[in-house]
Structure formats: C-alpha cells, structure tokens
**Student:** 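Let me begin by handing over the structure; questions about it come next.
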Amino acid sequence: MEKLLLISFNPSEADQSIGFAKALGIAFDVICLNGMPAEDLGAERVFDMELSPIPTADGLAQFMAGQTAGYSHIAAVSSMRSKDVMARLAGLIDAGMVTDVIAIESSKVFKRPILAGSIIAVVETLSEQTVLTFRPSGFPANERFGKSVMENLSSEIASKALRVSESVRGGARPDLSQAKVVVSGGRPLRDAETFERVIGSLADKLNGAVGATRAAVDSGIAPNELQVGQTGKIVAPDLYIAAGISGSTQHMAGIKDSKIIVAINKDADAPIFEMADYGLVADLYDAIPAIERELESGR
Amino acid sequence: MKILVPIKRVVDPYSKLRPLADGSGVDTTGVKFEINPFDEIAIEEAVRLKEKLGNVEILVVSIGKPEVEEQLRKALAMGADRALLIETEVDCDSPSIAKELAAVAAEINPELILMGKQATDDDCNQVGQMLAALTGRPQATFASKITVVADGVQVTRETDDGEEVLELHFPCLVTADLRLNEPRYVALPGIIKARSKPLERRQMATSPVLKTRILRVESPPPRAAGQKVGSVQELVAALRSRGAI
Ligand SMILES: Cc1cc2nc3c(=O)[nH]c(=O)nc-3n(C[C@H](O)[C@H](O)[C@H](O)COP(=O)(O)OP(=O)(O)OC[C@H]3O[C@@H](n4cnc5c(N)ncnc54)[C@H](O)[C@@H]3O)c2cc1C
Ligand SMILES: Nc1ncnc2c1ncn2[C@@H]1O[C@H](COP(=O)(O)O)[C@@H](O)[C@H]1O
C-alpha cells in the first residue's frame with residue numbers, strides 16, 4: 001500500500017505541505033522536526049519533535065532512515081536544508097529521488113523543471129521508495145482537514161559533522177520564499193547601503209520581502225540568502241518587482257510563478273521585458289522614489 | 001592528501017534550449033558543452049588547496065560518453081593531476097552515478113571528495129549527498145569557503161537564512177556553491193600542454209539499476225505577453241486596478 005511521510009522542519013512547513021499531500025492522494029503521516037503542527041492537517045498521525053538546533057545532515061538523515069519503513073513516498077518542501085538532508089536520506093535507503101516537484105500526474109509520475117526552468121521533465125519513479133522535494137506554490141491548499149493523532153517523538157541524534165557557528169540574518173521582513181510581494185535588485189545597485197536604501201525602502205512600503213540577483217550577491221551588494229533563481233530561492237509572490245535586472249534564464253527560473261512581474265530597466269531591449277507583465281523603461285534611481293511618492297499620494 | 005573531484009559535462013548554461021518535436025529529449029543541435037559550472041568551481045578549489053598545501057594529488061572523474069574527454073582535459077589544464085573517464089552510453093540517474101563514484105572512492109580512498117552542488121542540466125542537487133551517504137562520510141553542501149585544519153576541513157556553507165560553519169574530519173565530502181571562488185581561465189595552449197597528463201578510460205564497475213527515468217520533456221507554459229507602461233503613474237494605476245498593491 002502507498003503511504004506518504006511528510007518531513008517538515010517547522011509547523012509552517014507542515015501547513016504548506018498539505019496541498020502536495022492532497023494532490024498525491026494517498027494517506028500520510030507528518031514528522032515535524034521542530035515544533036507542534038496544527039491538528040487539522042488531515043494526516044493520520046503527526047509526530048512532533050523538538051530538534052533545536054536542527055542536527056547537521058548526516059545524523060539527521062540517519063535518524064530519518066529509521067523512520068521510513070512502510071512509506072512509499074518521503075517528501076519535504078524544497079529548500080537548501082531539505083535538499084541537503086533528503087538526498088542523503090535517499091542514498092541511505094537506496095531510494096530514487098525527484099527534486100523540485102511542481103506537478104503530479106500519478107503517484108509515480110511527477111513534473112519538475114530542468115535546465116534553469118527552460119524545460120519541464122516528466123519523471124517516472126521506478127523504485128519501491130521515492131524521496132521527493134516539492135515547491136508548495138504548485139500545490140495551494142487553503143482548506144483545513146480532519147484531525148490527526150498527535151504523538152511526541154524524541155531521539156538522540158549524533159552527527160559526524162560538527163556545527164561550529166551559525167549566523168541567521170533574517171530581520172523584520174517577510175520570508176522571501178513565501179512573501180506576497182518581492183522587490184529585487186540587480187547589479188546596478190552599487191553597494192549594500194544603496195541596495196538597502198533603494199530596494200529595501202520600496203519593499204517596506206509594500207510590506208514585501210527583498211530579493212537579489214546572483215550578480216548583486218557576488219559583488220557584495222546583497223547577502224547570499226536573498227539570491228533568487230535557478231541556484232537560489234524560488235519565489236511565487238502576487239507581485240514581483242525587478243529593478244536593474246537584465247532577465248537571465250537563471251534569474252527568471254526563480255520568478256516564473258509570480259502572478260505579476262514588473263520590470264524597471266533603463267535598457268528598452270533588456271530580456272526581462274519579454275517576460276514582464278508591466279515594463280517601465282527608466283532609471284531605477286528615478287523610478288523607485290517616484291513609485292513611493294505615487295503610493296503615498298494615492299492613499 | 002588525495003582529492004577526488006567528480007565532474008559532469010553539461011550543455012552551456014547560457015544556451016537557449018527547446019524540447020525535440022516528439023518530446024523525447026532536449027534539442028542540443030549546435031549547442032556547446034562545458035564542465036558543469038559548479039564542478040569547475042570544485043576543480044578550482046582543489047587546485048588552490050594544492051597550491052597552498054603542496055602535498056595534494058587531484059583526481060578528476062567523469063561518467064559519461066567518450067566526448068567527456070574534452071572536459072577532463074580542461075580540468076587537467078586547470079591543474080588536476082590525473083583523470084578517469086568511466087564510459088557508458090546509459091543515461092544514469094543520480095543513485096547510479098553515486099554508486100559508481102562510491103566504487104571509485106573505495107579504490108583510491110581520498111581524504112576529500114569535492115564536487116558541484118548541482119548539475120545545471122538536470123538541476124538535481126542529489127549526487128553529492130547520495131555519495132556521502134554511500135561512503136559514510138560527513139558532508140557540507142553549498143560551500144562558500146573551505147579551510148583545511150588539522151585532520152579535516154572547516155567549511156562555511158550557505159543556508160536558507162544566512163550561513164553556518166561546519167567542521168568535518170577526513171574522510172569527508174564537500175559540495176561547491178557559486179561563491180566558493182572564481183575559476184581561472186585556461187587558454188588553448190594550456191589545454192594542449194596538459195595532454196601529457198594521464199587520462200585513464202574504463203567501463204563502469206557497477207551495473208546501473210535506474211530508480212527514475214524521464215518519460216518526456218515539455219516546454220514550460222508561456223507567460224502571456226506583457227506591456228510597456230509610459231510612466232510611473234501609469235504603472236501604479238495598473239497595479240492598483242489589478243489589486244496588486
Ligand atoms: C551556474 C549558474 C547559476 C546561476 N544562478 C543564478 C541565480 O540563481 N540567480 C541569478 O539571479 N543569477 C544566476 N546566475 C547568473 C545569471 O546568469 C546572470 O549573470 C545574473 O542573473 C545577472 O544579474 P543582473 O541582472 O543583476 O545583472 P546584469 O545582467 O548585469 O543586468 C543589469 C541590468 O540593469 C540595467 N540597469 C543598469 N543600470 C540601471 C539603472 N540605473 N536603472 C535601471 N536599470 C539599470 C541594465 O540595463 C541591465 O539590464 C547564474 C549563472 C550561472 C552560470
Ligand atoms: N555523470 C557524472 N559524472 C561525474 N560526476 C557527476 C556526474 N553527474 C553528476 N556528477 C556530480 O554530482 C554533482 C551533482 O549533480 P546532480 O545531483 O545531478 O545535480 C555534480 O556537480 C557533479 O559533481
């Protein structure tokens with residue numbers, strides 16, 4: 001019999017996973033690694049754990065491998081930390097793996113983007129157990145479901161890799177991967193201070209998150225966790241504003257599922273205009289303050 | 001110290017690609033092939049460690065068609081010491097690649113396996129972690145800085161919300177992210193000179209049993225054509241009327 005084990009790092013991820021579980025259409029249990037998820041996720045059983053800090057990948061994967069008996073599918077929301085541990089888990093239990101699932105055709109056939117999102121591959125799984133990571137934006141779910149049996153789970157997890165230090169930047173802004181509005185900046189933002197003053201300010205006026213291109217991150221204008229794209233974060237906001245961004249395939253791979261894309265670029269031929277819903281040919285240093293003024297005046 | 005660097009030949013990341021008309025695969029006519037950019041970063045890092053520490057031997061290995069030789073030669077020109085080409089016509093999935101690489105690792109016992117975090121063609125981000133599992137090595141993925149310490153490495157790795165530093169004892173495995181370094185440029189004469197470096201060919205030592213396969217490929221759904229707006233006022237009005245702000 002098919003059954004899904006959802007691995008969530010925190011309760012909010014468990015909430016985001018329900019659409020995927022429903023789309024897969026098989027019974028499921030949840031392990032939440034840190035915190036107590038909602039009771040009405042429609043899972044059969046929900047195990048809550050208090051792994052804080054979350055152990056490094058080798059110990060964590062070893063622990064998870066001990067929990068997977070009886071499950072045909074083991075899945076988690078796509079993120080750097082899930083890719084880190086879930087692929088190791090697949091190696092340990094000799095399972096096939098499908099990364100970044102965006103659609104489900106059957107319990108054995110999944111769609112995923114390849115080649116920086118320029119192609120969609122339809123992948124069939126051939127092994128008894130399959131490990132998956134999925135993008136929640138492809139599986140919206142707003143309803144609540146039946147109550148689950150809630151159980152606490154604890155375990156001593158020992159890892160070989162030792163965490164020496166950790167710096168979590170974050171701040172007051174919404175989480176980039178889940179934000180309803182994202183304002184992103186590219187190479188022309190000059191330096192971190194300018195980036196924050198121009199891009200950060202508009203994002204705050206719109207209660208949005210801030211994103212950046214690889215070019216901006218590489219040149220120290222923005223911190224690495226803000227990189228959006230093929231090899232960074234995948235976003236799917238209602239509104240994505242790209243300022244001073246050329247529109248490379250690698251960047252667009254991360255923003256394709258945005259409802260509305262706005263591009264502000266001083267080069268009328270920039271490739272980003274081909275994919276933007278609204279394109280403004282302008283210098284961002286003039287346009288962004290003007291947008292802020294216009295937002296104020298219309299209140 | 002021995003460093004094993006697995007590399008993959010991929011289509012040039014800057015090329016525009018389309019599915020073949022029958023959806024059986026990707027049309028690569030006229031497209032250039034390169035070392036996977038993340039693997040190039042891994043090679044560069046191995047070479048820098050060699051330059052810094054002296055006593056380092058770098059083996060690059062790739063599993064694929066005979067044409068992979070081109071990328072292995074380039075890796076030798078960048079500073080790797082020897083290359084291994086494992087020839088196969090099978091389209092291997094990540095578990096089969098990881099198993100074959102595990103066989104190589106068992107043979108040469110490298111202290112460090114250094115590789116790309118992700119191949120830019122399949123965008124899987126799997127093989128490194130699978131190989132680490134199969135060889136029982138601790139792992140540090142998404143590395144942006146590597147320092148060799150007494151009997152292992154200290155790795156700064158990028159995370160979803162910042163970065164962290166891990167300490168791993170040898171033998172271990174590290175996967176490279178974009179900001180680890182900027183690979184050196186090697187000109188043609190360098191590649192020609194590196195032809196005297198050893199490149200061994202052999203068949204796969206394991207027999208691949210596929211756990212996933214691609215049934216077909218499609219173009220992503222196109223986005224509806226957008227419009228240019230003439231002014232900031234027009235833009236804000238349009239966004240207001242759509243309820244976006
Ligand atoms: C393996 C690999 C992975 C990658 N992964 C990613 C990824 O995840 N995310 C990502 O973003 N990139 C990624 N890239 C890089 C990508 O190919 C591009 O190089 C990058 O996205 C370009 O960033 P940019 O648009 O900021 O810079 P540019 O391409 O330099 O564009 C800057 C734009 O700003 C415009 N401009 C300049 N001044 C102004 C002004 N004053 N006002 C308005 N407009 C102005 C210019 O006309 C230009 O269009 C990757 C590349 C590789 C090879
Ligand atoms: N055919 C291959 N031969 C050697 N190494 C490979 C091969 N495929 C993938 N790799 C390695 O595994 C990494 C991750 O690939 P992937 O899991 O496919 O995204 C790559 O960056 C390479 O270092």
Side-chain angles (χ1 to χ4, degrees), chain A residues 56-58 61 79-81 83-84 87-88 90-92 95-99 109 113-127 160-170 206 214 218 224-225 230-231 238-239 260 262 275-281 287 290-291 294-295 298, chain B residues 13 16-17 19 26 93-95 98 118 120-126 129-134 138-142 144 154 158-169 178-179 210-220 223 226-229 232-233 235-236 238-240 242 244-245:
Chain A
T56 57
D58 65 283
S79 63
M80 291 171 82
R81 61 184 173 192
K83 283 174 185 171
D84 186 37
R88 186 170 179 115
L92 288 178
M97 179 162 183
V98 190
T99 303
V109 180
I114 59 171
L115 291 156
S118 53
I119 306 273
I120 306 296
V122 183
V123 183
E124 180 185 23
T125 63
L126 308 166
S127 51
K160 290 190 200 166
L162 182 76
R163 185 180 286 117
V164 180
S165 65
E166 189 176 11
S167 75
V168 174
R169 282 180 282 246
L206 296 168
R214 173 194 174 179
D218 283 3
N224 62 269
E225 69 275 12
Q230 177 193 22
T231 60
D238 294 339
L239 175 61
I260 300 178
V262 171
M275 251 178 301
D277 299 273
Y278 301 104
L280 180 65
V281 182
I291 292 173
E294 190 65 19
L295 288 172
Chain B
K16 291 267 173 268
L17 297 161
V26 177
D93 60 1
S94 307
Q118 157 178 355
T120 54
D121 54 357
D122 61 38
D123 283 336
C124 277
N125 200 322
Q126 297 172 355
Q129 298 89 310
M130 288 179 179
L131 177 58
L134 294 175
Q139 73 190 43
T141 51
F142 311 115
S144 59
Q154 224 181 49
E158 299 190 354
T159 63
D160 294 294
D161 42 19
E163 54 183 43
E164 65 181 13
V165 179
L166 300 187
E167 208 162 270
L168 315 178
H169 289 293
L178 290 170
R179 281 165 282 280
L210 297 189
K211 295 183 182 293
T212 57
R213 67 168 171 174
I214 295 186
L215 292 179
R216 57 176 201 280
V217 300
E218 303 170 348
S219 287
R223 281 190 78 91
Q227 60 184 89
K228 288 240 171 78
V229 288
V232 163
Q233 288 73 16
L235 172 64
V236 172
L239 294 178
R240 281 213 171 101
R242 300 236 345 224
I245 50 175

**Student:** So what's closer than 4.5 Å to chain A heavy atoms on B/T141: side chain, backbone, both or neither?
**Tutor:**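 Both backbone and side chain of B/T141 come within 4.5 Å of chain A.
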**Student:** Look at B/E164, B/K16, B/Q233 and state which one has the largest set of heavy-atom pairs under 4.5 Å with chain A.
**Tutor:** B/E164
**Student:** Quick one: what part of B/L134 sits under 4.5 Å from any heavy atom of chain A, side chain, backbone, both or neither?
**Tutor:** side chain
**Student:** Between B/R216 and chain A, with a heavy-atom cut-off of 4.5 Å, which part of the residue counts as in contact: side chain, backbone, both or neither?
**Tutor:** both
**Student:** If every non-hydrogen atom of B/D123 is compared with every non-hydrogen atom of A/Q230, which pair is closest and at what distance?
**Tutor:** OD1-NE2, 2.8 Å
**Student:** Under 4.5 Å from any heavy atom of chain A, what part of B/L131 do you find: side chain, backbone, both or neither?
**Tutor:**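 It is neither, since no heavy atom gets under 4.5 Å.
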**Student:** At a heavy-atom distance under 4.5 Å, which candidate from B/L168, B/D93, B/N125 has the highest pair count against chain A?
**Tutor:** B/N125
**Student:** Would you mind telling me which of B/D160, B/L235, B/I214, B/V236 has the largest number of heavy-atom pairs within less than 4.5 Å of chain A?
**Tutor:**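 It is B/D160.
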**Student:** Considering only heavy atoms, which portion of A/I119 lies under 4.5 Å from any heavy atom of chain B: side chain, backbone, both, or neither?
**Tutor:** both
**Student:** Given a strict heavy-atom distance threshold of 4.5 Å, which part of B/Q118 is in contact with chain A: side chain, backbone, both, or neither?
**Tutor:** side chain
**Student:** Which region of B/P19, side chain (C-beta onward) or backbone (N, CA, C, O), has a non-hydrogen atom less than 4.5 Å from a non-hydrogen atom of chain A, or is it both or neither?
**Tutor:**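 The answer is both parts of B/P19.
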**Student:** Checking B/I245 against chain A: side chain, backbone, both or neither under 4.5 Å from a heavy atom?
**Tutor:** side chain
**Student:** Return yes if some donor-acceptor pair links the side-chain N/O of A/D277 with the main-chain N/O of B/Q227 below 3.5 Å, else return no.
**Tutor:** no
**Student:** Which one wins on heavy-atom pair count under 4.5 Å against chain A: B/H169, B/E218, B/Q154?
**Tutor:**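 The residue among B/H169, B/E218, B/Q154 with the greatest pair count is B/E218.
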**Student:** Grab the two heavy atoms, one from A/A87 and one from B/Q129, that are nearest each other, plus how far apart they are.
**Tutor:**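 Here A/A87 and B/Q129 meet closest at CB-CB, 3.6 Å.
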**Student:** Check each atom of A/V98 against the heavy atoms of chain B and say whether the ones under 4.5 Å are side chain, backbone, both or neither.
**Tutor:** both
**Student:** Side chain, backbone, both or neither: which part of B/A132 has a heavy atom under 4.5 Å from chain A?
**Tutor:** both
**Student:** Is chain A contacted by the side chain of B/L17, its backbone, both, or neither, given a heavy-atom distance below 4.5 Å?
**Tutor:** both
**Student:** Could you tell me which portion of B/V229 (side chain, backbone, both or neither) has an atom closer than 4.5 angstrom to a non-hydrogen atom of chain A?
**Tutor:**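 Both backbone and side chain.
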**Student:** Between B/L166 and A/A161, which heavy-atom pair has the shortest distance, and what is it?
**Tutor:** CD1-CB, 4.4 Å
**Student:** Which region of A/S79, side chain (C-beta onward) or backbone (N, CA, C, O), has a non-hydrogen atom less than 4.5 Å from a non-hydrogen atom of chain B, or is it both or neither?
**Tutor:** both
**Student:** Could you check which of B/S219, B/C124, B/A244 has the highest count of heavy-atom pairs closer than 4.5 Å to chain A?
**Tutor:** B/C124
**Student:** Do B/Q126 and A/T99 have a side chain donor and acceptor closer than 3.5 Å?
**Tutor:**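 There is such a pair between these side chains.
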**Student:** Which atoms form the tightest heavy-atom contact between A/M80 and B/F142, and what is the distance?
**Tutor:** O-CE1, 3.3 Å
**Student:** Is A/L206 in contact with chain B via its backbone, its side chain, both, or neither, using a 4.5 Å heavy-atom distance?
**Tutor:** side chain
**Student:** With only heavy atoms counted, which part of B/D121 is less than 4.5 Å from chain A, the side chain, the backbone, both or neither?
**Tutor:**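 Looking at B/D121, backbone and side chain both touch chain A.
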**Student:** Quick check: closest heavy atoms across B/M130 and A/A90, and the distance to 0.1 Å?
**Tutor:**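 Smallest heavy-atom distance, with atoms named: CE-CB, 3.8 Å.
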**Student:** For A/A276, is it the side chain, the backbone, both or neither that has a heavy atom under 4.5 Å from a heavy atom of chain B?
**Tutor:**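 Just its backbone gets close to chain B.
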**Student:** Given heavy-atom pairs under 4.5 angstrom as the criterion, report whether the side chain, backbone, both or neither of A/D238 touches chain B.
**Tutor:** neither
**Student:** Please give me the minimum heavy-atom distance between A/D218 and B/R179, naming the atom from each residue.
**Tutor:** OD1-NH1, 2.8 Å
